[in-house]
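Got a structure here, written out as C-alpha cells. Questions coming.
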Amino acid sequence: MITERAETKIHIEDVSYAYGDNEALRHVTLDIPARAITVLFGPAGGGKTTVLRLINRLNDLVENTTRLGKVYLGGEDIYAPGVDLPALRRRVGMVFALPLPLPGTIYENVIYGPRLAGERNAARLDEIVERSLTQAALWDEVRDRLHASAYALSGGQQQRLCIARSLALEPEVLLLDEPTSGLDPISTAKVEQSLYELKQQYTIVLVPHSIQQAGRVADYAAFFLMGELVETGPGRQMFTAPQRKQTQDYITGRFG
C-alpha cells in the first residue's frame, strides 16, 4: 500500500495480466491516493503502461489477453458485469506520449467530448473551453485564436491541448503515459507545472519519461520491474532513501 492516511481513489488488488504467453504483470496490489500525483516508474517492459490501460479498460480492445484480480475506482469494481464503459472512460481520461489533436480547430478539439455527451448550450461550451485550457496551462497562449487549426500549435501546445480535451469531461482520474517524452525542456516544464495545479482537483497517475521527471513531480511512487511491483512509497522517500536494493540500483543508474 502507498499510504494509510490518504484517501484511496484506485485500488488494484492482486492483478496479473498476460498478452498471450507474455506475462506483463504478476500479482500487483497497489493503492493510488486521490488528488495527488502517483508516478509509476521503472525500466521498459515493466508493466507500467499496462497498469494505465487496465484502469480505463483500454485493453478490452486487445485480443488474446488474460486478467486475474480486480481494479476498483472509488470502491467500484470496474470489471464487474454491466459496467458502462463509455461512462467509465469519461471518469478516467488518458493522454498518450504522442500528441494527437483531432482535425479541426482548438475550440472544436476541446468541446469534442462534451458535444458527444450531449452538451449543446453554446455558453456552457465556451465555459468548458476556457476552464479546460486554463487548467492545462494553455488558455493565455491561445485565447485569441481558438478557431485556428489545432495542427498549427507547437508540439508542447498540442500535448497540453490533449490534456485540456481530457479535462473537458471533468474526469475523476487523469492517466498520463510519458506525456512529455517528445517535448523540449520549456514545454516539459509547462506541462509539469499544470500537473501541480491539476492535482488539487484530480487523481493523476503518470508514467514519466525520465527518472528526473519522476523525482520532480511524484507525491507517491511505485517502482515496477519485469511485471512486478517492487516498492511503493512517498515520492521524496522513494527517490532519496528507497528500501529495496533494486529500486536504489535503478535510481542511481546501475541498470535500466
Side-chain angles (χ1 to χ4, degrees), residues 2-3 5-10 30-42 48-49 51-52 55-56 73-74 91-99 106 110 127-143 153-223 232-242 251:
I2 287 181
T3 176
R5 290 182 294 277
E7 173 194 348
T8 297
K9 184 64 176 180
I10 300 165
L30 175 66
D31 280 354
I32 295 174
R35 294 178 297 281
I37 300 173
T38 298
V39 164
L40 313 181
F41 74 103
K48 308 179 297 295
T49 295
V51 171
L52 295 187
I55 293 171
N56 73 347
L73 172 62
R91 296 174 68 192
V92 184
M94 187 158 180
V95 177
F96 300 93
L98 183 66
I106 297 167
V110 179
E127 291 172 4
I128 290 170
V129 168
E130 182 172 353
R131 172 186 57 79
S132 303
L133 290 171
T134 299
Q135 289 179 324
L138 188 57
W139 173 252
D140 289 341
E141 297 172 36
V142 302
R143 61 191 304 171
L153 297 175
S154 70
Q157 289 172 326
Q158 287 185 10
Q159 189 61 291
R160 282 179 281 149
L161 177 62
C162 291
I163 293 173
R165 194 172 68 210
S166 290
L167 295 174
L169 287 168
E170 297 186 90
E172 300 168 35
V173 177
L174 188 61
L175 309 176
L176 301 160
D177 191 5
E178 298 191 25
T180 61
S181 62
L183 304 185
D184 61 82
I186 293 175
S187 296
T188 295
K190 288 182 178 179
V191 170
E192 290 179 5
Q193 184 57 45
S194 72
L195 298 183
Y196 295 129
E197 302 298 327
L198 291 171
K199 72 179 181 180
Q200 307 303 319
Q201 184 174 350
Y202 302 97
T203 299
I204 298 172
V205 189
L206 169 72
V207 174
H209 81 268
S210 69
I211 194 71
Q212 291 80 14
Q213 181 177 65
R216 286 194 300 269
V217 305
D219 294 309
Y220 302 93
F223 176 56
T232 67
R236 184 180 298 275
Q237 172 192 308
M238 287 285 286
F239 296 107
T240 58
I251 290 170

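Start at 1 with the first residue, then count along the sequence.
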| message | Main chain of I32, side chain of T8: is a donor-acceptor contact present, judged purely on distance under 3.5 Å? | response |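 No, the answer is negative, given that no donor and acceptor are paired below the 3.5 Å cut-off.
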| said: Tell me every residue that passes salt bridge (charged side-chain N to carboxylate O under 4.0 Å, His left out) with R160, counting only those two or more places apart in sequence or in another chain. | reply: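 If we apply the salt bridge (charged side-chain N to carboxylate O under 4.0 Å, His left out) test to R160, skipping adjacent residues, the hits are E141.
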| query | Which atom pair, heavy atoms only, marks the closest approach of I55 to I10? | reply |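 For I55 versus I10, the nearest heavy atoms are CG2-CD1, 3.9 Å.
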| message | I need the minimum non-hydrogen distance between V39 and A214, along with the two atoms involved. | response |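 It is CG1-CB, 3.7 Å.
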| message | Quick check against the 3.5 Å criterion: does K48 have a side-chain atom that pairs as donor or acceptor with the backbone of G42? | response |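 Yes, because the side chain of K48 sits within donor-acceptor range (under 3.5 Å) of the backbone of G42.
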| query | Measuring from F96:CZ to L52:CG, what's the distance to the nearest 0.5 Å? | reply |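 The CG atom of L52 is 9.0 Å from CZ of F96, to the nearest 0.5 Å.
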| Where the side chain of T180 meets the backbone of L183, is there a donor-acceptor pair that is under 3.5 Å apart? |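 Checking the backbone N and O of L183 against the side chain of T180, no donor-acceptor pair under 3.5 Å is found.
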| said: Using 0.5 Å steps for rounding, measure from the CZ atom of F223 to the CD1 atom of I211. | reply: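 Output value for this atom pair is 8.0 Å.
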| query | Can you name the salt bridge (charged side-chain N to carboxylate O under 4.0 Å, His left out) partners of E172, sequence neighbours left out? | reply |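 E172: salt bridge (charged side-chain N to carboxylate O under 4.0 Å, His left out) contacts with K9, R91.
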| field | Stepwise side chain to side chain contact (heavy atoms under 4.5 Å, CB included) test for R216 and Y196 | value | CA-CA 10 Å; R216 286 194 300 269; Y196 295 129; 4.3 Å; yes
| Minimal non-hydrogen separation, L161 against L138, with atom names |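 Shortest heavy-atom contact: N-CD2, 3.7 Å.
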| task | Could you tell me whether a side-chain N or O of Q157 sits under 3.5 Å from a main-chain N or O of S154, the two making a donor and an acceptor? | result |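 Such a contact is found between Q157 side chain and S154 backbone.
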| task | Indicate the atoms forming the closest heavy-atom contact of C162 with V95, along with that distance. | result |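 For C162 versus V95, the nearest heavy atoms are O-CG2, 4.0 Å.
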| task | Any chance you could measure E178, atom CD, to L98, atom CG, to the nearest 0.5 Å? | result |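 Separation between the atoms: 12.0 Å.
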| task | State, yes or no, whether a side-chain contact exists between V207 and L175 at a heavy-atom distance under 4.5 Å. | result |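 No, their side chains stay 4.5 Å or more apart.
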| Residues that R236 engages under salt bridge (charged side-chain N to carboxylate O under 4.0 Å, His left out), provided they are two or more places apart |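 None.
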| query | For the atom pair CD (E7) and CZ (R35), what is the distance rounded to the nearest 0.5 Å? | reply |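 Nearest 0.5 Å value for the CD-CZ distance: 4.5 Å.
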| message | Please determine whether side chain to side chain contact (heavy atoms under 4.5 Å, CB included) holds for the pair K190 and I186, giving the CA-CA distance in whole Å, both sets of side-chain angles, and the decisive distance to 0.1 Å. | response | CA-CA 6 Å; K190 288 182 178 179; I186 293 175; 4.2 Å; yes
| For L167 and A136, which heavy atoms make the closest approach, and how far apart are they? |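 Distance-wise, the nearest heavy atoms are CD1-N, 4.3 Å.
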| How many angstroms lie between CD in Q135 and CG in L195, if you round to the nearest 0.5 Å? |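 Reported value, rounded in 0.5 Å steps: 12.0 Å.
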| field | Q200: partners by side chain to side chain contact (heavy atoms under 4.5 Å, CB included), with sequence neighbours left out | value |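 In terms of side chain to side chain contact (heavy atoms under 4.5 Å, CB included), with neighbours along the sequence ignored, Q200 is linked to no residue.
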| field | Pairs touching residues 197-209 that satisfy salt bridge (Lys or Arg N to Asp or Glu O under 4.0 Å), sequence neighbours left out | value |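 Salt bridge (Lys or Arg N to Asp or Glu O under 4.0 Å) check on residues 197-209 returns K199-D219.
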| query | Mind checking what makes salt bridge (charged side-chain N to carboxylate O under 4.0 Å, His left out) contact with R131, not counting sequence neighbours? | reply |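 R131 satisfies salt bridge (charged side-chain N to carboxylate O under 4.0 Å, His left out) with no residue once adjacent residues are dropped.
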| Between the main-chain N or O of T232 and the side-chain N or O of Q237, is there a donor-acceptor pair closer than 3.5 Å? |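 Side chain of Q237 to backbone of T232, a donor-acceptor pair under 3.5 Å: no, none is there.
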| message | Which heavy atom of Q159 sits nearest to which heavy atom of P99, and what is that distance? | response |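 Closest approach of Q159 to P99, heavy atoms only: N-CB, 3.8 Å.
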| Got a second to check how far L174's CG is from I163's CD1, nearest 0.5 Å? |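 L174 CG to I163 CD1: 6.5 Å, rounded to 0.5 Å.
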| request: Show the numbers, then the answer: is there a side chain to side chain contact (heavy atoms under 4.5 Å, CB included) between L206 and F41? | output: CA-CA 9 Å; L206 169 72; F41 74 103; over 6 Å; no
| query | Are any non-hydrogen side-chain atoms of V191 and L176 less than 4.5 angstrom apart? | reply |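 Not touching, per the 4.5 Å side-chain cut-off.
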| message | Quiz question: by atom type and distance under 3.5 Å, do the side chains of T188 and Q213 form a donor-acceptor pair? | response |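 Short answer, no.
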